[in-house]
**Student:** 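Take a look at the following structure, please.
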Amino acid sequence: MARDTLADIINSLRNADMNRKGTIRVPCTNITKNIIKILLREGFIENARKHRESEKSFCVLKLRHRKGIQKPSLNLKRISRPGIRIYSNYQRIPRILGGMGIVILSTSRGIITDREARLEGIGGELLCYIW
């Protein structure tokens, strides 16, 4: 049975944010590396480093928490699933909270955000929403 690495990273981030956990470990694959780069660039996580244990490599992520806020500050929603893929052209990519959130897409040029896809004029598979 194949593993859904995107669902693993989304659920790990969501659970860690709900429990106010400082760091998490996720399996380090090409997809997770690209998503981690986007999350770092957009400011959803503070730091990321690669850690190797025996034969396996993990990415250790340090989450950013806002002080004084009790409810979770990171909201993630998975869009495409292995059973049903959702595609969109660049004109129909949804705007999350009027542009405050981001949509992560898998395109022919790699995994990018909705802003980058609109600038380049390419569409792709909608992976997840983050706000």
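This chain uses plain numbering: 1 for the first residue, then up along the sequence.
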**Student:** Taking Tyr129 as the starting point, is it possible to reach Ile84 by hopping between hydrophobic residues whose side chains are less than 4.5 Å apart?
**Tutor:**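 As far as the 4.5 Å side-chain criterion goes, Tyr129 and Ile84 are connected within one cluster.
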**Student:** Given side chains that start at C-beta, do those of Val26 and Ile24 come closer than 4.5 Å, heavy atoms only?
**Tutor:**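 Of all side-chain heavy-atom pairs linking Ile24 with Val26, at least one is under 4.5 Å.
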**Student:** Answer yes or no: is there an ion pair linking Arg115 with Glu42, defined by an N-O contact shorter than 4.0 Å?
**Tutor:**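 Result for this pair is yes, salt bridge flagged.
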**Student:** On the six-membered ring of Phe58, is Arg25 placed so that its NZ or CZ lies under 6.0 angstrom from the centre and within 45° of the ring axis?
**Tutor:**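 Cation-pi check for Arg25 and Phe58: passes.
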**Student:** Rounded to the nearest 0.5 Å, what separation is found between the CG atom of Leu76 and the SG atom of Cys128?
**Tutor:**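 Those atoms lie 6.5 Å apart.
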**Student:** Within the supplied structure, the quantity of interest is the number of heavy atoms (other residues, nucleotides, ligands) at a distance under 6.0 Å from Arg85 CZ; does it exceed 12?
**Tutor:**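 For Arg85, atom CZ is crowded (more than 12 foreign heavy atoms under 6.0 Å).
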**Student:** Looking at Ala117 and Ile93, what are the two nearest heavy atoms and their distance?
**Tutor:**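 Answer, listing the atom of Ala117 first, then Ile93: CB-CD1, 3.8 Å.
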**Student:** Can you check whether Leu105 reaches Ile111 side chain to side chain, under 4.5 Å on heavy atoms?
**Tutor:**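 No, side chains not in contact.
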**Student:** Under 6.0 Å from the CG atom of Leu97, do we count more than 12 heavy atoms belonging to anything else shown?
**Tutor:**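 More than 12 within 6.0 Å, yes.
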**Student:** Just by distance, do the side chain of Glu116 and the backbone of Thr113 share a donor-acceptor pair under 3.5 Å?
**Tutor:**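 Yes; at least one donor-acceptor contact below 3.5 Å.
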**Student:** When you compare the side chain of Phe44 with that of Ile102, does any pair of heavy atoms fall below 4.5 Å?
**Tutor:**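 In short, these two side chains touch, coming nearer than 4.5 Å.
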**Student:** If Ile, Leu, Val, Met, Phe, Trp and Tyr residues are connected whenever their side-chain heavy atoms lie under 4.5 Å apart, and connections chain through other members, are Leu127 and Ile86 in the same group?
**Tutor:**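 Each belongs to a different hydrophobic cluster.
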**Student:** How long is the straight-line distance from OG of Ser108 back to CD of Glu125, given to the nearest 0.5 Å?
**Tutor:**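 Glu125 atom CD to Ser108 atom OG measures 12.5 Å (nearest 0.5 Å).
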**Student:** How many angstroms lie between atom CZ of Arg95 and atom CE of Met100, to the nearest 0.5 angstrom?
**Tutor:**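 Answer rounded to 0.5 Å: 13.5 Å.
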**Student:** Under the criterion side-chain contact (heavy atoms from CB on, under 4.5 Å), which of Leu61, Leu74, Leu13 is the partner of Leu39?
**Tutor:**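 Result for side-chain contact (heavy atoms from CB on, under 4.5 Å) with Leu39: Leu13.
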**Student:** Rounded to the nearest 0.5 Å, what's the gap from SG on Cys28 to CD1 on Ile36? Could you check?
**Tutor:**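 Answer for the SG-CD1 pair, Cys28 versus Ile36, is 6.0 Å.
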**Student:** State whether the number of non-hydrogen atoms from other residues, nucleotides or ligands found under 6.0 Å of Ile79 atom CD1 is greater than 12.
**Tutor:**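 Yes, CD1 of Ile79 has more than 12 neighbouring heavy atoms, counting only those of other groups under 6.0 Å.
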**Student:** If we only count heavy atoms from C-beta on, is the Ile112 to Ile122 side-chain gap below 4.5 Å?
**Tutor:**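 Yes, side chains in contact.
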**Student:** I want to check something: taking the side chain as every heavy atom from C-beta on, are Ser80 and Tyr87 in contact at a cut-off of under 4.5 Å?
**Tutor:**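 Result no, sub-4.5 Å side-chain heavy-atom pair not found.
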**Student:** For Arg118 versus Tyr90, what's the shortest heavy-atom pair and its separation?
**Tutor:**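 Distance-wise, the nearest heavy atoms are CG-O, 3.8 Å.
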**Student:** Yes or no on side chain to side chain donor-acceptor pair (under 3.5 Å) for Arg92 and Asn89, after CA distance, side-chain angles and deciding distance?
**Tutor:** CA-CA 6 Å; Arg92 293 182 180 238; Asn89 63 8; 4.5 Å; no
**Student:** Assess whether a salt bridge exists between Arg81 and Asp4, defined as any Lys/Arg side-chain N lying under 4.0 Å from an Asp/Glu carboxylate O.
**Tutor:**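 Here Arg81 does not pair with Asp4 in a salt bridge, since their nearest N and O are not under 4.0 Å apart.
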**Student:** Carefully, step by step, assess His51 and Ser57 under the rule side-chain contact (heavy atoms from CB on, under 4.5 Å).
**Tutor:** CA-CA 6 Å; His51 180 69; Ser57 62; over 6 Å; no
**Student:** Taking atom CD1 of Ile10 and atom CD1 of Ile104, what is their separation to the nearest 0.5 Å?
**Tutor:**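 One finds 7.5 Å between CD1 of Ile10 and CD1 of Ile104.
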**Student:** Please tell me if the side chains of Lys56 and Pro27 come closer than 4.5 Å, counting only heavy atoms from C-beta onward.
**Tutor:**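 A side-chain contact under 4.5 Å is absent here.
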**Student:** Examine Leu40 and Ile130 and state if one hydrophobic cluster contains both, with Ile, Leu, Val, Met, Phe, Trp and Tyr joined whenever side-chain heavy atoms are less than 4.5 Å apart.
**Tutor:**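 Same hydrophobic cluster.
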**Student:** Are the side chains of Trp131 and Lys77 in touch, meaning some heavy atoms are under 4.5 Å apart?
**Tutor:**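 They are in contact (side-chain heavy atoms under 4.5 Å apart), so the answer is yes.
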**Student:** So Arg3 and Asp8, salt bridge (Lys or Arg N to Asp or Glu O under 4.0 Å) or not? Walk me through it.
**Tutor:** CA-CA 8 Å; Arg3 292 186 55 136; Asp8 290 344; 2.8 Å; yes
**Student:** Under the 3.5 angstrom rule, does the side chain of Thr5 hit a backbone N or O of Thr32 as a donor-acceptor pair?
**Tutor:**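 Absent.
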**Student:** Before you tell me yes or no, could you show the steps for Thr23 and Leu63 under side-chain contact (heavy atoms from CB on, under 4.5 Å), namely the whole-Å CA-CA distance, both residues' side-chain angles and the distance that decides it to 0.1 Å?
**Tutor:** CA-CA 6 Å; Thr23 60; Leu63 299 179; over 6 Å; no
**Student:** When rounded to the nearest 0.5 angstrom, what distance separates CD1 in Ile9 from SG in Cys59?
**Tutor:**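 Answer for the CD1-SG pair, Ile9 versus Cys59, is 7.5 Å.
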